[in-house]
Number of protein chains: 2
Amino acid sequence: MNKKSITSYDVAKAAGVSQSAVSRAFSPGASIAKATRDRVLQAASDLGYQPNAIARSMSSARIETQQKSGMVGVVVTRLQDPFFSRTIAGLSQNIQARGWQMLLFTVESESEVDAAMNSLMQYKIDGAIIMSAILSDQMAETCQLRGIPVMLYNRSADGLNVNSVQIDNVEGGRLAAEFLLEAGHERIAFVGGEEDDETSKARESGFVDRLSEDGIKLLFHEEGNYTFESGREAALRLFSRNQRPDAIFCASDVMALGVLHAARYELGLEVQKDFSLLGFDDIPEASWPGHSLTTIRQPIRRMIVEAVDVLVENMQDPEMLTRRTSFAGKLILRGSCRRTVL
Amino acid sequence: MNKKSITSYDVAKAAGVSQSAVSRAFSPGASIAKATRDRVLQAASDLGYQPNAIARSMSSARIETQQKSGMVGVVVTRLQDPFFSRTIAGLSQNIQARGWQMLLFTVESESEVDAAMNSLMQYKIDGAIIMSAILSDQMAETCQLRGIPVMLYNRSADGLNVNSVQIDNVEGGRLAAEFLLEAGHERIAFVGGEEDDETSKARESGFVDRLSEDGIKLLFHEEGNYTFESGREAALRLFSRNQRPDAIFCASDVMALGVLHAARYELGLEVQKDFSLLGFDDIPEASWPGHSLTTIRQPIRRMIVEAVDVLVENMQDPEMLTRRTSFAGKLILRGSCRRTVL
DNA sequence: ATTCAATTTGCATGCGCATTCAAAACGAAA
DNA sequence: TTTCGTTTTGAATGCGCATGCAAATTGAAT
């Protein structure tokens with residue numbers, strides 16, 4: 001079985017040049033005569049030669065080369081979540097467009113992030129993007145020592161020296177509260193993520209703060225896990241109590257849709273009339289006609305571009321200062337909320 | 001700036017052994033005394049050493065080693081689609097569990113698959129999974145020559161020598177037709193993918209064949225592109241004609257939900273009563289209370305496991321015979337269809 | 001204590017490429 | 001034609017690791 005791969009030596013022989021020449025032909029900006037390069041490229045194409053990226057990053061390991069492994073590690077949780085799958089799709093496209101490949105690692109929980117980074121680092125990734133999670137101080141230090149730029153997406157780490165791109169969750173929460181207050185709501189519930197979820201906590205804190213400024217206290221707090229089912233169950237619990245909320249703010253659209261479906265189709269409630277519903281993210285499903293979910297939109301496209309831009313810049317300039325970008329959420333008005341005081 | 005990475009030589013020195021010993025300590029099954037291994041591992045952990053996967057696959061390039069690059073290339077389109085993001089999430093977990101990493105490449109259209117494979121092959125991937133697309137004969141040949149096992153997911157290639165895992169789309173279409181016929185439908189429409197989409201064509205052919213066996217001719221054929229929006233638009237077109245369908249079969253759940261939302265919330269129709277709606281895939285959204293979409297379920301978990309199992313087997317045994325697995329779809333009865341003849 | 005097989009170890013080498021350095025080829029000016 | 005600066009070229013080297021091979025060590029059996 002002939003599975004020997006074609007090396008630069010094979011091409012060199014075919015083109016009647018040295019191996020160095022072949023290497024140069026494939027290195028933009030290298031010192032090589034046009035005629036030689038053409039001859040090499042022709043031979044390469046005849047033989048079906050492709051430079052071996054592994055060997056390439058191997059030899060460039062010693063010097064400060066532009067491209068090293070050519071891979072960016074991405075650590076992600078909850079890939080099934082529309083918000084994340086959209087983000088991954090966007091990141092992937094942007095990373096590829098910039099000439100890198102994406103080495104993807106999915107983890108079940110935040111505690112696995114460090115292990116994931118260790119795995120990825122064995123591949124000498126040039127940089128890493130971590131979604132909705134943080135790394136340990138120790139891991140951050142390791143990355144810095146190894147010169148691997150890190151980008152936190154949907155999270156930030158105050159103490160640590162790592163880049164981050166995220167939405168201002170506290171302000172987003174405030175925005176939500178503001179809107180519900182203006183519409184005159186008073187019996188307000190919040191459906192968040194698990195107890196230790198930073199994102200959820202931030203959204204809730206902004207939300208609750210703003211409410212309390214108007215003297216309103218949160219009526220109920222329900223805990224979910226960012227799935228539709230958990231939103232659905234939260235709704236069932238919420239509406240089974242004596243006192244019913246007249247507005248519900250959910251830490252994510254998926255959970256809000258869970259609430260919506262439960263309320264409308266299982267409890268026979270009328271969204272907007274019986275209670276206002278507010279989500280967070282603005283996933284595509286939120287705008288489906290039957291959902292028409294009012295929500296706080298994350299400027300996901302811009303966030304993705306920013307994340308990749310900054311990471312690429314940092315990969316090219318290791319000395320770059322840590323960059324933390326915070327985007328503002330925007331209220332997207334749809335049918336799930338009443339707009340004026342009754 | 002000290003960004004020199006720790007090599008096996010550093011560990012060797014620290015542990016007072018040779019570099020070979022360090023290498024052996026990290027190679028399961030290598031000939032090394034337990035005492036030595038422990039000493040090496042201790043030193044390694046002290047120094048924060050991790051073997052360099054790149055160099056590793058570099059040196060093992062020459063021999064028939066078990067693990068080569070340790071990476072599996074995955075080419076995917078339409079990552080935003082719930083069906084695909086779920087699949088990617090599952091694949092990722094399974095691949096990692098088997099000790100491989102996933103190098104992800106997203107493409108916009110099927111024509112980019114060959115280029116994607118070329119990119120991935122530069123990284124000397126040990127195997128590849130291609131979702132919902134096929135590769136050219138030439139590329140298949142190249143892979144075979146290079147000894148890179150390929151797994152087609154959601155597609156198969158009769159002429160080519162590549163593994164595949166997919167659902168029996170023709171049979172799925174028949175199943176759909178069967179069900180609608182039993183319920184006594186006669187004015188039946190089909191909403192598919194783009195004209196040259198193989199998956200859609202297969203589902204439609206099975207569907208139309210079964211209909212014609214009962215002397216029913218397809219009333220309308222609408223073309224979509226597997227997005228919610230395209231389903232929605234198809235519905236608007238379908239119901240704007242004089243003759244209205246009494247049943248609609250969509251080539252994917254996402255499109256079916258587009259039809260559902262348009263019909264119910266924009267046209268004021270009552271699903272099930274005014275027409276039956278049938279999807280394909282059984283994505284989570286199909287079972288949401290407000291959707292209750294009857295659909296043909298793909299056994300996605302089993303398909304994923306099978307795909308990874310076969311690929312891994314093939315990576316370990318390059319001589320393995322080409323394996324093509326076809327799963328049967330299952331009708332999942334929900335509220336969007338009437339069940340008996342009126 | 002001696003022998004011999006089994007186990008463990010280190011040395012040396014190569015994986016495929018990029019790059020350094022010195023030699024060669026070229027080109028323009030004299 | 002000669003000279004000198006410029007460009008192009010090839011030989012040699014190392015990136016970090018795994019492994020073949022031979023030397024060294026161990027341990028069991030005599």
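Below, chain A is the first sequence line, B the second, and so on; all start at residue 1.
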Q: When you measure from the side chain of B:Ala55, which nucleotide among D:dG10, C:dC17, D:dG16 comes out closest?
A: D:dG16

Q: Without decimals, in angstroms, what is the distance between B:Ile6 CD1 and D:dC17 P?
A: 10 Å

Q: Check the angle between the aromatic planes of A:Phe83 and A:Tyr153 and answer parallel, tilted or perpendicular using the 30° and 60° thresholds.
A: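 The rings of A:Phe83 and A:Tyr153 sit tilted, inter-plane angle from 30° to 60°.
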
Q: By nearest atom, which of the nucleotides D:dA12, C:dT8, D:dA18 is closest to the B:Thr36 side chain?
A: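 Minimum distance to the B:Thr36 side chain belongs to C:dT8.
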
Q: So if I take every side-chain heavy atom of B:Asn52 and compare against D:dG16, C:dG10, D:dG10, which nucleotide ends up nearest?
A: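 When the side chain of B:Asn52 is considered, D:dG16 is the closest of D:dG16, C:dG10, D:dG10.
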
Q: Check for me whether the distance between the ring centres of A:Tyr123 and A:Phe105 falls short of 6.0 Å.
A: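 Ring centres of A:Phe105 and A:Tyr123 not closer than 6.0 Å.
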
Q: Could you give the CD-to-P distance, from A:Gln122 to D:dG16, as a whole number of Å?
A: 15 Å

Q: Starting at CZ of A:Arg56 and ending at P of C:dT19, how long is that distance when rounded to a whole Å?
A: 9 Å

Q: Measure from the side chain of B:Gln19, starting at C-beta and using heavy atoms only, and say which of C:dC15, C:dC17, D:dC17 lies closest.
A: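 Of all the options, the side chain of B:Gln19 is nearest to D:dC17.
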
Q: Can you name the one residue among A:Thr87, A:Val76, A:Thr77 that meets side-chain contact (heavy atoms from CB on, under 4.5 Å) with A:Ser132?
A: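 It is A:Thr77; the other options fail the test.
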
Q: Rounded to the nearest Å, what distance is computed from the CD1 atom of residue A:Ile54 to the P atom of nucleotide D:dA18?
A: 14 Å

Q: If I take atom CE in residue A:Met58 and atom C1' in nucleotide D:dG16, what distance separates them, rounded to the nearest angstrom?
A: 4 Å

Q: State plainly whether the residues B:Glu108 and B:Arg78 are in salt-bridge range, i.e. N to O under 4.0 Å.
A: no

Q: Donor-acceptor check, side chain of B:Ser27 to backbone of B:Ser23, threshold 3.5 angstrom: yes or no?
A: yes

Q: Between B:Glu141 and B:Arg146, is there a salt bridge with N-O shorter than 4.0 Å?
A: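 Answer for the salt bridge query: no.
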
Q: Would you mind reading off the distance between B:Arg37 atom CZ and C:dT7 atom P, rounded to a whole angstrom?
A: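 That distance rounds to 15 Å.
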
Q: Has the side chain of B:Ser20 got a donor or acceptor that lies under 3.5 Å from a partner of the other kind on the base of D:dA18?
A: no

Q: What heavy-atom pair brings A:Asp126 and A:Gly70 nearest, and what distance separates the two atoms?
A: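 Here A:Asp126 and A:Gly70 meet closest at OD2-N, 2.8 Å.
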
Q: For residues 21-34 of chain A, which residues have at least one heavy atom under 4.0 Å from DNA chain D?
A: A:Ala21, A:Arg24, A:Ser31, A:Ile32, A:Ala33

Q: Out of C:dA12, D:dG16, C:dC17, which nucleotide sits closest to the side chain of A:Tyr9?
A: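 The answer is C:dC17.
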
Q: For B:Arg39 and C:dT8, what is the distance between atoms CZ and P respectively, to the nearest whole Å?
A: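 The distance from CZ of B:Arg39 to P of C:dT8 comes to 14 Å, rounded to the nearest Å.
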
